[in-house]
K.L.:
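What follows is a single structure, and I will ask about it in a moment.
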There are 2 protein chains.
Amino acid sequence: MKSTIPESGMPITQPDRQEASLHGEILLRLRDYVVEGNIPEGARVPERQLCAMLGISRTPLREALKVLAAEGLIELLPNRGARVRELSERDLEELFDVMAGLESLAGRLACEAITDEEIAAIERLHYEMYGHYLNSDMHGYFQVNQRIHESIVAAARNETLRAAYDSFAGRIRRVRYSANFARKRQRWGEAMREHEAILDALRRRAGSELSDTLFQHLRNKRTAAIEHLAAARGATTATVAGS
Amino acid sequence: MKSTIPESGMPITQPDRQEASLHGEILLRLRDYVVEGNIPEGARVPERQLCAMLGISRTPLREALKVLAAEGLIELLPNRGARVRELSERDLEELFDVMAGLESLAGRLACEAITDEEIAAIERLHYEMYGHYLNSDMHGYFQVNQRIHESIVAAARNETLRAAYDSFAGRIRRVRYSANFARKRQRWGEAMREHEAILDALRRRAGSELSDTLFQHLRNKRTAAIEHLAAARGATTATVAGS
DNA sequence: AAGACAAAAAATGAATGCAAAATGAGTCTC
DNA sequence: GAGACTCATTTTGCATTCATTTTTTGTCTT
């Protein structure tokens with residue numbers, strides 16, 4: 001049994017992370033594999049090839065593919081196999097808006113339950129992020145920024161919300177990998193100010209206000225991201241067309 | 001190699017949702033079957049029995065079960081089969097809050113794109129609902145109420161949001177079937193007033209305000225629903241315990 | 001008689017097999 | 001020479017089969 005698993009493309013990460021069953025393990029690995037952008041957009045992914053790569057039979061793989069399709073990461077064309085779902089500009093706009101709505105909700109709920117310690121932790125993250133901003137450390141800034149938003153979602157004390165948030169985040173993350181969201185200096189400064197407003201509303205536990213501020217903040221992010229991505233795609237398209 | 005990209009613009013994914021394939025058909029039927037509450041909470045659902053009922057083999061059924069599990073309708077215990085997911089009081093609170101967040105978002109987005117005709121249609125629904133309210137027609141009221149909220153979600157012009165909304169609505173609907181949400185007269189009147197406020201904000205395209213009003217409206221709904229359900233469950237538990 | 005152990009029965013998880021549809025190549029026609 | 005048609009190959013969808021795990025049942029011991 002164990003010896004039937006050959007050296008596949010991806011190493012067996014952990015015996016049981018949470019899903020002891022094979023299809024669960026496959027699901028986690030495949031999801032990561034797709035989210036990390038290892039398969040080009042719209043590319044056809046033959047089942048056999050994935051089976052060989054993962055060292056399993058088609059049954060659990062197909063089960064995992066069905067789930068990923070339900071999650072919106074891939075799409076299954078009848079009798080034509082699985083493709084990585086292409087995200088149009090409109091899809092991205094929609095996804096960003098939903099994410100904004102979820103975070104806006106998270107902020108509102110967080111105000112009802114967040115502790116002073118949690119707020120203090122977020123404040124520390126905020127100052128850490130400010131340091132990265134001053135140093136023009138985009139990567140560090142981005143990471144801490146992510147942690148702040150995750151902290152807010154965590155403070156909402158709503159596992160259902162967190163799961164949905166993670167799911168949508170995964171759908172966007174795949175794009176983030178391809179197009180690195182280099183941010184304009186000006187927008188960066190605005191973002192910092194917005195973060196201060198967020199922190200302020202959070203301190204006062206002003207749920208409605210925080211909800212609003214968070215939504216606007218993410219809306220601005222959306223605009224910047226979409227613009228950047230459109231430019232990147234335009235360039236890519238031009239290159240392809242020119243070749 | 002040259003034309004490996006057939007229709008990269010937009011594959012044929014809309015026309016046939018998933019009814020063509022067997023597993024898609026099974027998925028739709030099973031989802032309805034579970035959502036409508038045909039299987040008691042926490043009940044074990046033998047695969048064989050379902051296969052016999054649906055007249056198929058286990059393979060497509062298991063694929064559908066995996067998807068339903070991912071949607072949160074059922075849970076799959078390793079080596080112990082599928083069970084209809086039991087929703088704790090906390091789960092319901094979380095679900096209601098997420099629904100409130102999504103509708104709140106829908107209202108905000110709707111203000112950006114809704115047409116006068118759509119608003120007029122919602123106003124008509126509102127007055128129709130008011131009639132049901134005056135006639136104490138709970139069922140009619142409930143249905144029209146649902147249509148109003150769906151109209152707002154539709155007006156948001158965000159398919160991703162709509163899909164998420166439908167998914168979460170399905171998870172709650174199963175409970176709605178078991179426990180009929182008889183509403184207290186007083187709360188009913190409050191709900192009508194809230195609806196008027198919603199309509200008012202919508203007319204003025206006041207996004208932030210509508211977002212806030214919708215959230216509060218659904219929060220109040222949540223409280224009423226949870227209380228009612230807790231009472232119903234308490235009664236059921238008592239009956240079971242007494243028998 | 002009650003509890004524990006063991007074997008049989010059933011159910012689940014995964015692999016394999018088979019039919020139908022799609023893809024691709026080769027040939028034929030115009 | 002280009003396009004269309006036909007047939008072989010590949011791939012997908014589903015059913016069936018095989019191997020574990022769980023559950024049940026029956027017996028034995030205390």
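As a basis for the values below, the full set of heavy atoms in this structure was taken, side chains included, without hydrogen atoms, waters or symmetry mates. Note on naming: letters A, B, ... go to the chains in the order of the sequence lines (proteins, then strands), and numbering restarts at 1 for each one.
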K.L.:
Can you confirm whether B:E94 sits close enough to A:L161 that some side-chain heavy atom of one is under 4.5 Å from a side-chain heavy atom of the other?
P.N.:
no
K.L.:
Is any NZ, NE, NH1 or NH2 atom of the basic residue among B:E71 and B:R171 found under 4.0 Å from an Asp or Glu carboxylate oxygen of the other?
P.N.:
no
K.L.:
Using a 4.0 Å heavy-atom cut-off to protein, can you give one letter per nucleotide of nucleotides 11-21 of chain C, 5' to 3': B if the base is in contact, S if only the sugar-phosphate is, - if neither?
P.N.:
SBBSBBB---S
K.L.:
With heavy-atom distances below 4.5 Å as the criterion, would you say the side chains of A:R108 and B:D97 are in contact?
P.N.:
no
K.L.:
If you measure from the Lys or Arg side-chain nitrogens to the Asp or Glu carboxylate oxygens, is any gap between B:E41 and B:R174 under 4.0 Å?
P.N.:
yes
K.L.:
What I want to find out is whether B:E118 reaches B:R157 closely enough, with some N-O distance under 4.0 Å, to be called a salt bridge.
P.N.:
yes
K.L.:
Charged N to carboxylate O below 4.0 Å: is that the case for A:R162 and A:E159?
P.N.:
yes
K.L.:
Between the protein and nucleotides 6-8 of chain D, list every N/O to N/O distance that falls short of 3.5 Å.
P.N.:
none

K.L.:
May I ask you to say whether A:E93 pairs ionically with A:R90, meaning some side-chain N is under 4.0 Å from a carboxylate O?
P.N.:
yes
K.L.:
Dump every N/O contact between nucleotides 7-9 of chain C and the protein below 3.5 Å, one line per pair.
P.N.:
none

K.L.:
Are B:H149 and B:V144 side-chain neighbours, meaning at least one heavy-atom pair lies under 4.5 Å?
P.N.:
no
K.L.:
Separation of A:L65 atom CG from D:dT11 atom P, in whole Å?
P.N.:
15 Å
K.L.:
Are B:V153 and B:L102 side-chain neighbours, meaning at least one heavy-atom pair lies under 4.5 Å?
P.N.:
no
K.L.:
Taking only Lys NZ, Arg NE, NH1 and NH2, and the carboxylate oxygens of Asp or Glu, determine whether B:E75 and B:R85 approach each other closer than 4.0 Å.
P.N.:
no
K.L.:
Whole angstroms only, please: what is the CD-P distance between A:Q49 and D:dT12?
P.N.:
10 Å
